[in-house]
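To start, the structure under review is shown below, and the notes come after it.
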Amino acid sequence: MAVLNDEQTMLRDMAREWADNEAPTTAFRKMRDAAPVEGYDADAWAAMGQMGWAGVIIPEEFGGSAFGYLSLGLVLEQLGRNLAASPLAATAAASTAIALGDNEAAKAEWLPRIAAGEIVATLAIDEGPVHDPAKTATRVTDGKLTGTKQFVAEGDGAQLFVVSAVDGLYLVSGDVGVSRSARHMADSRSHAQVVFDGAKAEKLGGTDLTAKVVDRATAALCAEMLGMAEQAFAVTNDYLKVRVQFGQQLSTFQALQHRMAKMFTELELARSAVEGALEAIDAGRSDVDQAVSLAKAIMGDTLHLVSREMVQLHGGIGMTDEHDAGLYLKRAYVLETMWGNAAWHRERFARLNGY
Amino acid sequence: MATAAELDVSVNPLDAFRTEVREWLAANFPPALKGKDNAMSAIDGPTDLSADEAAWKKAMGDKGWGVPTWPAQYGGGGLDRGQARVLQEEMGRIGAWNPIGGMGVMMFGPTLLEYGNEAQKSEHIPAIAKGEVRWCQGYSEPGAGSDLASLQMFAEDKGNHYVVNGQKTWTSGGQWADKCFALVRTDKSKKHEGISFLLIDMTSPGVEVKPIRLISGSSPFCETFFTDVKVPKENLVGQEGEGWTIGKRLLQHERQNLSGGGSAAGRMFAGKSVSALAKEYRGLDDQGRVTDSDLRMRIVRHEMDSRAFMLTLRRAALESKSNQGPSAATSIMKNVGARITQDRAELSIEIMGMNGLGWEGEGFTDEELTQTRTWLWGKAVSIYGGSSEIQNNVIAKRILGMLDHQ
């Protein structure tokens, strides 16, 4: 855990307590079974708005607290631990685009409302099944945006879209020319195809802004993944201490102890990489792109390892829908794929380092 | 978070100290030695010092800055952490390096400061601080490796002295050492509680040292035989039977250094990166990629691993500096440090092809020959100081609270 100031410690403790009391995995199951169109728990989102979490990275002049990305990461990590179904990560990523862009009117109009938790916003970037910002066909002519975006997180419920086009990022706030189709996926969360057909769009910035925003969204996602991996590991470790076979708790077997020690080792490295990326953003460093690719690749590999071992080490019970292991496994694979998987980020890291 | 006083340079009390350090270094560090850290540690063997090196070692030894945070009354620098950091920064700025090293500094000194009595500290610590006495470690025995507590070397109580009989092995730098800190058995009826921590003069009659030739061709380790060696009672550190506790504390210092938490970190990451080596030996394709795609991805994995490790070293240092207590991250350092060292060596060999496997003589550059030996020597890293398997046991039991077999 990075060294935190008093505000950050309070924020983390509050988020942890709230997630444990108000958003345990049973709450996620309830949402899954009720299957609301928007794909998240509206009451929980309203509570997050009141606690100011939607404004953690929004500048104070627009009603946010400007605590920064490490702070946002602390909240997302706690939510990730319990698989809390909230649009916070997507909304924060979209607010970053507005805040970092050069459209002052859009800042004044939208950031205060996002900070207050009144608006669910999201990024609409990819046009295929794997992350590939270079393959963008979406175009804007005379302020009208046309293109098809795939697997838009929170796309079913978002009121505001930040959309990438060949020449940069745009804001689409109206319903005219926007149609959505739900894509029901393994993680039971909202992912939608969104077709823009001449939708009214305001420009936020060029393609350099697109890259910057996707990096920040990726770093925030890594924090959610870190929380998931920590919890999947802790639940597994606890289970090994109670499950008895051959007259011994599983926790006493060295073959399993060494697998757990290996996972713990990878988790510690992943935490350093994820916190390193968030701190690089807060410090305004010039190598944020490398720090983010490092974090996403290592976090992705680590969550992959821990989530599949969670199922394996729980044995048959881990295969049942009644147990949480499957929920972690399914969400893990979706997040591993989102914004580029580990292989994609290793490739990018090599290129950024000139080999 | 930095306090207001730390951010405000005008009221920072370290500024005066920084000026003092700068002036002292300017007066004492021979510029010709800039960046020429020849790592004069016990493991590297004795070094014939040039006049500049000898002068620099003497200056640092007299000042106590080779062991900056040790108490001044025993010849240390007496600096607090903030001052020690300033010293390190200022030395780094001008390419100066610490000429005082070895096992006395890394492991034995800190342990003796904690457990030794007044007479022992006064006798041994100043000599270590000046780099005048070379220490070796008498822990492992032929029958006691990972199961160290099964050691058999016996110290028989003869009233005012002990008589020691037995054999130690893997004694790093034993052939050059003046003294040995050893774990010996003083009670055969108890395993852990029968072990004591004893200081033995290597020039005593009955001590015999035989270097062991390793796969890398070098002999940094020895077999050390003790036959009726007389050791005065005042050389016992702590109480009889307290050796296991003291010995484990020393191992913590050892692991911290081996993992790169100490001076080894700089060496581990010194020199060319693996990707730079690949560009030089393999070249890039017209897309700017290392030509062998499988190798290229393994290089990326390794370089990412190294960066995550460096971020973890930094995080653990910050965590232990704040009031969060010792970081759980330190438990992973030895194994990750070992894996990175070994991956790096294997990748380098692979990149160089046959040139990376030269043993000696013509047809190879010095860098290539060094690479071969570094690769082979590096196999020791996951074995010594508690093997990787032992480290995993420690993580499972101490950190994760996993259970003992019934």
Side-chain angles (χ1 to χ4, degrees), chain A residues 1-9 233-234 236-238 240-241 247-254 256-277 279-280 290-291 293-295 297-299 301-302 342-343 345-351 353-355, chain B residues 1-2 273-276 278-279 282 284 287-291 293 296-301 303-305 307-324 327-333 335-336 339 388-389 391-397 399-406:
Chain A
M1 174 63 63
V3 175
L4 305 179
N5 63 28
D6 291 347
E7 284 162 343
Q8 289 170 327
T9 305
F233 179 77
T236 305
N237 196 30
D238 288 345
L240 297 181
K241 287 173 190 167
Q248 302 267 342
Q249 287 109 321
L250 295 182
S251 184
T252 65
F253 293 105
Q254 196 182 36
L256 302 187
Q257 291 178 345
H258 283 196
R259 272 160 73 176
M260 294 299 282
K262 157 89 177 150
M263 279 189 261
F264 176 78
T265 302
E266 300 308 320
L267 271 170
E268 287 294 316
L269 293 172
R271 173 173 288 284
S272 306
V274 172
E275 291 178 353
E279 286 171 339
Q290 284 196 35
S293 278
L294 176 75
I298 288 189
M299 192 63 250
D301 281 347
T302 302
H345 281 281
R346 281 193 288 268
E347 172 65 32
R348 181 182 185 231
F349 184 87
R351 287 186 175 280
N353 281 283
Y355 63 91
Chain B
M1 291 296 280
S273 68
V274 173
S275 57
K279 280 193 223 175
R282 301 294 190 93
L284 302 176
Q287 301 279 313
R289 295 177 296 220
V290 171
T291 44
S293 63
R296 174 168 176 261
M297 278 303 126
R298 285 181 291 121
I299 292 172
V300 180
R301 284 175 186 273
E303 296 200 338
M304 283 188 158
D305 211 21
R307 281 206 206 182
F309 182 56
M310 282 190 279
L311 286 168
T312 306
L313 287 174
R314 196 190 60 144
R315 177 163 72 85
L318 288 170
E319 283 172 359
S320 63
K321 218 175 348 178
S322 77
N323 291 329
Q324 298 180 0
S327 162
T330 51
S331 66
I332 71 162
M333 302 301 194
N335 279 4
V336 180
R339 126 179 150 195
S388 292
E389 289 71 22
Q391 302 300 327
N392 279 336
N393 287 348
V394 171
I395 292 171
K397 301 219 172 113
I399 309 283
L400 305 181
M402 296 184 81
L403 309 169
D404 283 321
H405 209 70
Q406 302 303 309

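Values in this document were obtained by computation on a predicted structure and should not be read as measured data. Numbered from 1 within each chain, the chains take letters A, B, ... in sequence-line order.
Listed by chain and residue number, A/E309 satisfy the salt bridge (Lys or Arg N to Asp or Glu O under 4.0 Å) test with A/R259 (two or more places apart in sequence, or in another chain). Remark: B/R315 engages A/E268, B/E319 in a salt bridge (Lys or Arg N to Asp or Glu O under 4.0 Å) (not counting sequence neighbours).
Chosen from B/D404, B/V394, B/V336, B/L311, the residue pairing most often with chain A at heavy-atom distances under 4.5 Å is B/L311. For chain B, the option among A/R351, A/K241, A/Q248 with the highest count of heavy-atom pairs below 4.5 Å is A/Q248. Listed options A/E279, A/E266, A/E275 were ranked by heavy-atom pairs under 4.5 angstrom with chain B; first place goes to A/E266. Residue with the most contacts toward chain B among A/L240, A/L250, A/N237, A/T252: A/T252 (heavy-atom pairs, distance under 4.5 Å). Heavy-atom pairs under 4.5 Å with chain B were tallied for A/D301, A/L267, A/L269; the largest tally goes to A/L269.
Scanning all heavy atoms of the two residues, the minimum distance from A/A291 to A/A277 falls at O-CB, 3.6 Å. Nearest heavy atom pair, residue A/A297 against residue A/R346, reads CB-CG, 4.2 Å. Taking both residues in full, the closest heavy atoms of B/R296 and A/A350 are given as NH2-CB, 3.5 Å, listed atom of the first, atom of the second, then distance.
For A/E347, the parts lying under 4.5 angstrom from a heavy atom of chain B are both the backbone and the side chain. For A/L294, the parts lying under 4.5 angstrom from a heavy atom of chain B are both the backbone and the side chain. At a 4.5 Å heavy-atom cutoff, the contact between B/I399 and chain A is made by side-chain atoms alone. Looking at B/R339, the atoms closer than 4.5 Å to chain A (heavy atoms on both sides) all sit in the side chain, from C-beta outward.
Side-chain N/O atoms of A/Q254 and B/N393 include a donor and acceptor closer than 3.5 Å.
Interatomic distance, B/F309 CZ to B/I332 CD1, rounded to the nearest 0.5 Å: 7.5 Å.
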